[in-house]
Amino acid sequence: MAAIRTKPDPQIYTFEGFGSSRYPNLMLRGAGELDNWRLQVYTRKWEGYEACRKALKMEPAAVTAEVKASDLRGRGGAGFRTGMKWGFMPKDTPERKVTRYLVCNGDEGEPGTFKDRAILEYNPHQLIEGMIIAGWAMQCRTGFIYLRGEFSWLIDKLEAALQEARDAGYLGKDILGTGWDYDILTYRGAGAYICGEETALLNSLEGRRGEPRVKPPFPASVGAFGQPTTVNNVETLAAVAPILRMGGAAYAELGTPGNTGTRIYGLSGHVKRPGLYELPLGLPMDFILNDLGGGSSTGRKIKAVIPGGSSAPVFDAKDFDCPMDFDTVKARGSMAGSGGMIVMDESTCMVQALLRLTHFYAHESCGQCTPCREGCNWMEMILHRIEHGQGRPADLDLLASLPPRINMRTLCPLGDAACGPVESFLQKFRPEFEYHIEHKSCMAGAKSILPGVLAPA
Amino acid sequence: MNHPLPPETSDVPLAPGERLPRTQREKLSPEAIAKIQSIAAQFPDRMAGTLPALYIAQKEFGFLSLGAMKEVAAALGVPEGHVFGVATFYTMFRKKPVGRYHFEVCTNLCCALNGAADLLAKVIEKTGARPGEGPSPDGLWSVDEVECLASCGSGPCIQINHGVFDEFVDEAKLEALMDACRRGETAAWGE
Ligand code: SF4
Ligand code: FES
């Protein structure tokens, strides 16, 4: 029995135009092919480690400049400019020689997001190569790959890939004769969504509870083990080798100005061809949904789409034409986030969907900040009673009053993340909530999708 | 192996007021201690060995009793309170035993949209184990609800020990999987 399968099915990769210069496959190259993770295959088929050789012949600052020229933005959610982030790492001074660390954030846990897993599973060498280049650019001593605990089955493969890279001289002492020593270690989390937040991740990497830290100081000055650290997402680091290979300027021609390159979109929910799609930034959402995703899987119309992982505010039909890049999605009131698009058809009860998401945030709140800890639970409780026919007329205003008291009042973005769905669902689908309270039943008339703890008694 | 240890997976939370159970064996094996120390030595600070060490202890004991946590603290040379704090923070560190096959059903939104509720109900019915209530009477199965497993595009999905299984649309697939467990054909996805 095949142990692990990752969508998408191969037909998606042969979709007309995929892999062409218009829609190049830079990060998902070879995804789905079982031996693609081997060093041999990577070198033979994908010009593996050529970018690394090229980078190690350049000055570290020139490598950073190349990434700046590509205008790559972080693919983990916030969309911060990667080159600029690298530039924050302090230089050595005569008084102090610093130990710098690079950390790869592989704590993929945002509902709707499943892209990093495909890179780790099928293309680990591209990630490793990116981490070597990034490590060289910032003159790091060690790189860490922090994986979520559930990815235990990926760790062995990743370790094997790291060993292959060590044996080939790309990691370890005196890499390719440059005199630079650098190695990459893996670290496995243990089931806490909040560890995807960079400072929580650093705490976890240090063997502590994964609780976010107060910023400043930012990780670039005080990060892992008290040393300057850069934390980048898996997909961001996987984009580095292609950038070096093709040149920053050529990479920047993909996508749109300010939103350059390709990114991996994940389609899930009520969509006919769910899976991962690597596309240049800026393609309209309805193209991705309908032309690639095949539209609704149920034959019913699509009612709502969450455009960038579960914390992104939801879109209704009037926004489906939105170009999928960081800035436009933000201007339309949501977030491109992690690129995970959750599709909901007309039969979906928005009260249930929101309750499920809010339950997630309440469950994952680390508990350090009162607004997040109490607020998320409170929002869940209110939604729970609305869903189960005990809603009161005043509940909607009460619910709407909570996000402004949580938003921007917490240590880390989890509080805000929990508010995005609540605010947007209420704003766009308020009649459904009102109907629920008034009629004690669902407007969509569908049977409950709520499992287990949230299910009606 | 006459009494197979439960596989290393996720935890079953304690009920309010419930005490941490203890195992008879509460001494880490010398190999485990050596492994913990060599892992900790890779990092600039030995505290960083806490998570890996807890995983090692969990594998030895099946779950983390207070005694197991103390052992970890001693092996690492860090305060016991620290280890206890870490072990209780993360959901994958188990404070109670689980069955030999731990079914973790994702019930988050994407999976829920594609039928996670039905899947969970079927898993409960077939295994006889209930979420959060420990192993089934035969000790073979445990069931828990979990948050997103990063297989959203192919939900609903279940993680069983170290393997993720997705696209559960019919009961036959679940039955086939359980049969594979019963026959012990699980080496590929780790016990
Ligand atoms: S916002 Fe929530 S998750 Fe973030 S630090 Fe505060 S309590 Fe923890
Ligand atoms: S929601 Fe089930 S795997 Fe993501």
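Letters A, B, ... mirror the listed sequences (proteins, then strands); counts begin at 1.
Salt bridge status for A:R117 with A:E108: absent, with no side-chain N to carboxylate O gap under 4.0 Å. Taking a cutoff of 4.0 Å between a charged side-chain nitrogen and a carboxylate oxygen, B:E147 and A:R356 qualify as a salt bridge. Using a cut-off of 4.0 Å between Lys/Arg side-chain N and Asp/Glu carboxylate O, B:E171 and B:K126 are scored as salt-bridged.
Proximity to chain A (any heavy atom under 4.5 Å) is shown, for B:Q42, by both the backbone and the side chain. For A:T142, no part lies under 4.5 angstrom from a heavy atom of chain B. With a 4.5 angstrom heavy-atom cutoff, B:L109 touches chain A via backbone and side-chain atoms both. In this structure, chain B has no heavy atom under 4.5 Å from any part of A:L154. Heavy-atom distances place both the backbone and the side chain of A:F360 under 4.5 Å from chain B. At a 4.5 Å heavy-atom cutoff, the contact between B:D45 and chain A is made by backbone and side-chain atoms alike. For chain B, the nearby part of A:Y187 is the side chain; its heavy atoms alone come within less than 4.5 Å. Only the backbone of A:E110 comes within contact range of chain B, judged by heavy atoms closer than 4.5 Å. Of the two parts of A:S310, neither the backbone nor the side chain holds a non-hydrogen atom closer than 4.5 Å to a non-hydrogen atom of chain B. Of the two parts of A:L267, only the backbone, made up of N, CA, C and O, holds a non-hydrogen atom closer than 4.5 Å to a non-hydrogen atom of chain B.
A:M344 places a side-chain heavy atom less than 4.5 Å from the side chain of A:M350. You'll find the side chain of B:Y55 reaches within 4.5 Å of the side chain of A:R188, heavy atoms only. Side-chain contact between B:E80 and B:M69: absent, with no pair of heavy atoms (C-beta onward) separated by less than 4.5 Å.
Interface remark: of the candidates B:R46, B:R130, B:H82, B:H82 forms the most heavy-atom pairs closer than 4.5 Å to chain A. Most heavy-atom pairs under 4.5 Å with chain B: of the set A:A192, A:G266, A:G149, this distinction falls to A:G149. For chain A, the option among B:L76, B:N114, B:L120, B:I124 with the highest count of heavy-atom pairs below 4.5 Å is B:N114. The residue among A:G210, A:G191, A:G112, A:A190 with the most heavy atom pairs within less than 4.5 Å of chain B is A:A190.
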Can B:C110 and A:F114 be said to form a side-chain contact (heavy atoms from CB on, under 4.5 Å), step by step?
CA-CA 11 Å; B:C110 315; A:F114 49 105; over 6 Å; no

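Here the shortest heavy-atom pairing between A:V271 and A:V343 reads CB-CG2, 4.1 Å.
Annotation: the span from B:M178 atom CE to B:Y101 atom OH amounts to 11.0 Å, rounded to 0.5 Å.
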